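Notes follow the structure.
Order of listing sets the numbers, starting from 1, for every ligand and every atom in it. Here the structure is a predicted model, which is why all the values come from computation and not from measurement.
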Amino acid sequence: MRTSIATVSLGGSLTEKLAAASRAGFDGVEIFENDLLASPLTPEEIRGRCADLGLTIDLYQPMRDVEAVPVDEFGRNLRRARHKFEVMRRLGADTVLVCSSVSPLAVDDDALAAEQLSQLADLAQEFGIRVAYEALAWGRHVSTYDHAWQVVEAAGHPALGTCLDSFHILSRGSDPKGIEDIPGEKIFFLQLADAPLLAMDVLQWSRHYRCFPGQGGFDVAGLVRHVVRAGYTGPLSLEVFNDVFRQAEAGPTAVDALRSLLVLQEAVGVAELPAPVVPTGVAFAELVTPDAEPVSAVLGALGFVRAARHRSKPVDLWQQGDARVLVNTGPAARRDGTGLAAIGLESPDPEGAARRAEALLAPVLPRRRAREDAPLEAVAAPDGTELFFCATGRPELPDWRADFEDVQHTPAASDIRRIDHLALTQPWHHFDEAALFHQGVLGLDAQESVDVADPYGLLRSRAVTGADGGVRIALSVGAAPADDTVHAQHIALDTRDVVAVARRFRAAGGLLLEMPANYYDDLAARFEFADGELATYKELGILYDRDAYGEFRHCYTRTVGRVFFELVQRDGGYRGYGAANAPVRLAAQHAARRLTGG
Ligand code: MG
Ligand code: MG
């Protein structure tokens with residue numbers, strides 16, 4: 001289906017919004033009146049700009065408080081409409097959105113509403129314009145889609161149809177099944193938005209919290225299926241009012257937006273994409289650092305050994321069990337300091353995974369490699385993390401491990417088994433985008449979003465996981481852009497025995513994050529522990545949590561650059577990430593940073 005986006009969904013000037021929509025690959029736009037009013041371009045120039053960019057103008061909006069009003073008021077509304085239609089003619093827009101009235105002057109009289117909308121449609125017709133009537137969820141007398149359709153049907157005017165908006169329909173809990181009773185040709189327009197499920201005033205919810213389909217809690221795909229069955233053939237158009245998106249750069253938001261429509265069309269069954277290839281494990285985590293010493297010291301104290309070295313790049317492979325950490329001192333490190341730059345994901349079909357990622361607009365990375373290196377498939381996640389699709393130890397496929405030459409070493413201690421999860425801090429403006437990316441592109445399942453108190457703000461966190469727990473990525477974001485740099489990334493290592501690993505780490509000179517005594521007093525009140533158990537946790541800074549499935553013990557190393565390690569011990573199928581302990585951990589990290597200035 002054709003894709004469109006309302007200019008109000010993007011940040012920037014009208015010119016910037018149009019350029020971003022075009023670059024992302026949208027077919028058309030809805031021009032929001034305020035964007036036109038604020039633009040120095042004439043309607044003719046905007047029309048020309050859109051044509052140059054390959055964008056159709058699918059809708060002009062909004063026109064408010066038109067119908068079911070006293071006759072002299074309606075006369076003024078028609079005068080206002082004539083002026084708008086004149087602008088639309090210059091713009092080359094042929095459909096106008098009319099929202100159901102919220103005016104205190106409007107009366108509860110469907111026959112009058114139908115009669116006046118019919119007169120409006122008469123006038124529109126003189127300009128070659130169609131009127132799409134939409135029920136606002138907070139409309140004064142018309143607030144549901146079926147009611148709006150009844151009014152349109154009663155008017156029986158060829159230039160009057162209805163506009164369906166997934167937010168207005170789903171926020172009220174209306175059953176979208178009835179959409180199938182509307183003749184497809186009378187659905188003049190379809191606007192799509194998702195939203196997190198919040199208990200709040202619907203107007204505020206709509207104006208500030210809409211998000212792209214797949215990012216919230218509504219079944220937008222289910223609604224679109226009904227609209228398609230009704231016979232609608234117009235564009236799928238995104239109309240998303242969102243405070244964060246408005247402040248973000250238009251370019252990446254437009255790509256995020258179009259990706260949501262691609263995933264949606266796949267779900268609805270009106271478009272085909274290369275099938276998702278769900279990663280089955282973490283092949284490696286790659287740290288870049290200008291100075292290998294501090295990171296290597298931490299890895300060594302954790303019991304990792306330097307097992308191999310890349311043949312053509314300054315990259316060491318540190319390994320213990322199936323946990324592999326690459327330490328890269330190449331050019332990227334000198335630019336960005338110490339951080340987590342790349343993740344290798346074990347994939348049953350690396351090429352297929354890359355094909356899907358590319359179809360979903362993920363930037364495919366140029367292969368920065370020497371001629372003899374394995375041709376690895378890699379794409380960039382929205383936060384810039386490079387994702388490599390790997391086939392470790394599968395002779396029939398290119399193997400990243402073959403680019404490494406073994407180094408003589410004594411076998412590592414084996415209390416660390418694998419990477420349990422990776423925690424990636426997202427740029428402030430791209431949290432929802434990141435969750436959708438990991439679901440849509442990688443085929444991972446997104447868990448519930450949780451809010452975590454931080455002494456200096458609030459952290460939102462959402463995990464995306466593979467079905468078998470082989471891949472777990474915890475995405476998080478602070479409350480404001482300034483938090484981007486504060487919250488570091490971490491690599492969580494799965495241990496057989498967290499106490500043993502923590503002790504050995506400390507004995508080898510490693511620094512563990514210390515936790516306050518109050519935390520352990522509280523633990524003693526909440527749970528029962530064996531004699532001396534709690535004293536051991538306190539000594540090593542080990543945190544404890546329990547869910548319906550099992551127990552979780554975890555502790556943290558001090559931060560190097562923007563990265564730290566977490567040691568975790570999951571027993572009995574514990575599913576979480578210790579979110580209950582996160583406020584204490586964050587406070588401890590803030591305190592440690594103040595002490596060391598680092
Ligand atoms: Mg709307
Ligand atoms: Mg963690």
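Screening Ser260, Ser166, Cys211 for a side-chain contact (heavy atoms from CB on, under 4.5 Å) involving Leu238 leaves a single residue, Ser260.
Under the 4.0 Å criterion applied to side-chain N and carboxylate O atoms, Arg47 and Glu44 are not assigned as salt-bridge partners.
The nearest N/O/S atom of Glu134 to the Mg ion (ligand 1) is OE2. The name of the N, O or S atom in Asp165 nearest to the Mg ion (ligand 1) is OD2.
With the Mg ion (ligand 1) as vertex, Gln191 OE1 and Glu239 OE1 subtend 90°, rounded to 10°.
Side chains of Thr233 and Met1 form no contact here, defined as non-hydrogen atoms less than 4.5 Å apart.
A donor-acceptor pair shorter than 3.5 Å cannot be found between the side chains of Gln215 and Asp194.
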